[in-house]
Amino acid sequence: MEGAEGAEGTSGTTGASVVDEAQGGLRGWSAGRRRSVWSRIRLTSLRLRLVVVFGLVALTAAVSASGIAYWLNREAVLTRAQDAVLRDFQQEMQNRASALPTHPTQEQLQHTAGQMADSSQRFSVLLVAEDSDGRTVTGNSDLGSFTLEDVPASLRKAVGRQQPDSSGKKASYHLYWQRIDEDGRPYLVGGARVADGGPTGYMLKSLEPEAKDLNSLAWSLGIATALALVGAALLAQAAATTVLKPVHRLGIAARRLGEGKLDTRLRVSGTDELAELSRTFNQTAEALEKKVADMSSREEASRRFVADMSHELRTPLTAITAVTEVLEEELDAETGSVDPMIEPAVRLVVSETRRLNDLVENLMEVTRFDAGTARLVLDDVDIADQITACIDARAWLDAVELDAERGIMANLDPRRLDVILANLIGNALKHGGSPVRVAVRVDGADLLIRVRDHGPGIPEEVLPHVFDRFYKASASRPRSDGSGLGLSIAMENAHIHRGEITAANSPEGGAVFTLRLPRDASSLLDDGGREDDAEGAAGTEGEGR
């Protein structure tokens with residue numbers, strides 16, 4: 001018999017196949033688990049995603065390193081074990097099996113197999129030969145527990161095949177081996193034949209000790225992987241805290257800035273990207289604070305200018321109004337003391353003086369709203385009586401129909417309600433058509449007052465702007481349709497009651513303005529409202545359509 005050669009059989013399985021399957025199952029479970037966890041935390045917090053990503057990276061690295069380490073150790077352990085066994089078996093075949101006669105007896109084979117099995121590797125031996133009568137005889141070191149049926153057919157075929165040696169002059173046989181698995185236990189099977197008609201020998205060696213060592217190694221690597229995963233999660237948590245704490249502070253600062261606290265600043269430390277982001281935030285907040293301060297100062301100056309101008313105009317307007325009243329009395333006198341040539345001019349002066357007086361009053365009211373000094377003076381009022389008084393004071397009784405039950409009480413500011421009603425009804429009479437219908441209804445804790453006219457209605461493109469200041473639907477009538485502040489003032493008076501006014505067109509024709517106010521506005525005084533000595537609001541001011 002010449003040199004030994006290792007050849008894996010095609011039909012055998014390795015002694016560590018159970019461990020391999022367990023490791024493969026672990027990898028499959030890990031992959032499925034990663035997909036499941038990732039699908040659940042995709043939309044959760046950044047901190048959790050960061051921890052999971054760290055964990056996945058650590059798990060992947062640990063599993064890869066453990067798999068490589070296991071594979072390398074497995075190959076080293078199995079190769080070392082099988083090389084030692086095969087080397088010993090080859091030596092025994094050369095020393096003992098070769099010394100047997102060409103046609104040995106069964107007793108000789110049995111004795112030699114027992115001697116070969118007593119080697120340092122302690123493997124089972126099966127010797128097969130032909131006796132002098134041509135019969136196949138076998139010798140077994142384990143008294144029949146190791147038979148030819150335990151040897152894979154592919155290995156028996158390979159052992160019995162002759163091959164030329166390196167010189168090609170004579171036939172030789174080689175040593176073959178294969179790892180198999182029987183009843184869940186791994187074994188190494190080897191076979192060789194003595195050249196020149198000698199016996200064939202087979203060896204069976206259990207690899208269970210090596211498999212146990214590999215299982216222990218797999219458990220150790222699994223524990224190391226789990227510890228690495230826990231360590232990675234802790235490191236990820238620490239990293240997340242370090243990285244996300246400045247981000248959290250930035251979020252709080254941005255929220256405070258959005259709430260109007262423009263003096264919010266971040267503490268800057270370090271030179272990394274987060275520090276640069278904090279510096280940029282501080283610069284932006286500082287620029288915004290400066291810009292808002294400039295705008296506020298300009299707005300305050302503008303409001304002060306309007307208020308001062310309105311107050312300054314009231315003194316000469318008072319004198320002019322007195323003069324125009326005298327001129328109006330002269331126009332209405334029967335004596336005819338006014339020259340007919342200047343009568344139109346006098347009437348124009350009277351009309352424009354009235355208009356200018358209304359405009360000044362409106363500007364003063366708007367200034368109070370803008371400055372935030374307008375306050376409620378509440379009283380219990382009968383809504384029907386309040387509307388009747390508003391209509392009667394302006395001589396609109398013949399043009400307005402009232403649909404309101406007496407006894408509907410509300411705790412409101414009667415002066416501001418009068419302003420709202422005067423503007424809505426006056427606007428309907430001026431730009432709508434008679435009769436104007438005012439209906440009052442109670443809707444839970446709210447009061448609904450609808451003012452409807454019978455005019456052409458409001459154009460659709462005008463509806464979104466009817467409550468804008470100085471808005472007029474027709475630019476060709478800038479002087480005859482009022483100042484454009486009446487409906488805006490009405491809306492502001494509704495807002496100070498926490499109410500609302502809406503404008504729409506009625507399906508039956510005409511425009512409909514709906515005022516919604518709380519029946520009890522006393523709770524608004526707890527929110528900062530208080531009585532004041534504010535001057536009277538603007539009276540009747542119609543919006544231009």
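- Side-chain contact between L217 and L221: present, with at least one pair of heavy atoms (C-beta onward) separated by less than 4.5 Å.
- Looking at H431, its side chain never comes within 3.5 Å of a backbone N or O of G455 through a donor-acceptor pair.
- Looking at T514 and V451, their side chains never come closer than 4.5 Å, going by heavy atoms from C-beta outward.
- In terms of modelled atom types and a separation under 3.5 Å, the side chain of D413 and the main chain of L378 share no donor-acceptor contact.
- E276 has a carboxylate O that lies under 4.0 Å from a charged side-chain N of R279, or vice versa, which qualifies the two as a salt bridge.
- The shortest side-chain heavy-atom distance between I252 and R249 does not fall under the 4.5 Å cut-off.
- Put simply, the side chain of L412 reaches to within 4.5 Å of the side chain of I383, judged on heavy atoms.
- Taking the side chain as every heavy atom from C-beta outward, I320 and V349 never approach each other to under 4.5 Å.
- D453 places no side-chain N or O within donor-acceptor distance of the main-chain N or O of G510, the cut-off being under 3.5 Å.
- Checking side-chain atoms of R416 against main-chain N and O of A494 turns up no donor-acceptor pair under 3.5 Å.
- Of all non-hydrogen atoms in S278 and V268, the two that sit nearest each other are CB-CG2, 3.9 Å.
- Enclosure of atom NE2 in H248 is not indicated, since only 12 or fewer non-hydrogen atoms of other residues, nucleotides or ligands lie within 6.0 angstrom.
- Taking a 6.0 Å sphere around CD of E259, one finds it holds more than 12 heavy atoms contributed by other residues, nucleotides or ligands.
- No salt bridge links R516 with E500; every basic N to acidic carboxylate O contact stays at or beyond 4.0 Å.
- Surrounding CD of E401 are more than 12 heavy atoms belonging to other residues, nucleotides or ligands, all under 6.0 Å away.
- Here the side chains of F513 and N423 are not in contact, with every heavy-atom distance at 4.5 Å or above.
- Remark: side-chain polar atoms of D418 are not paired, donor with acceptor, to backbone N or O of P414 under 3.5 angstrom.
- Within the 4.5 Å cutoff, the side chain of L417 has heavy atoms near those of the L517 side chain.
- Residues I408 and R441 are not in side-chain contact: their nearest non-hydrogen atoms beyond the backbone lie 4.5 Å or more apart.
- Using a 4.0 Å cut-off between charged nitrogen and carboxylate oxygen, K290 and D294 count as a salt-bridge pair.
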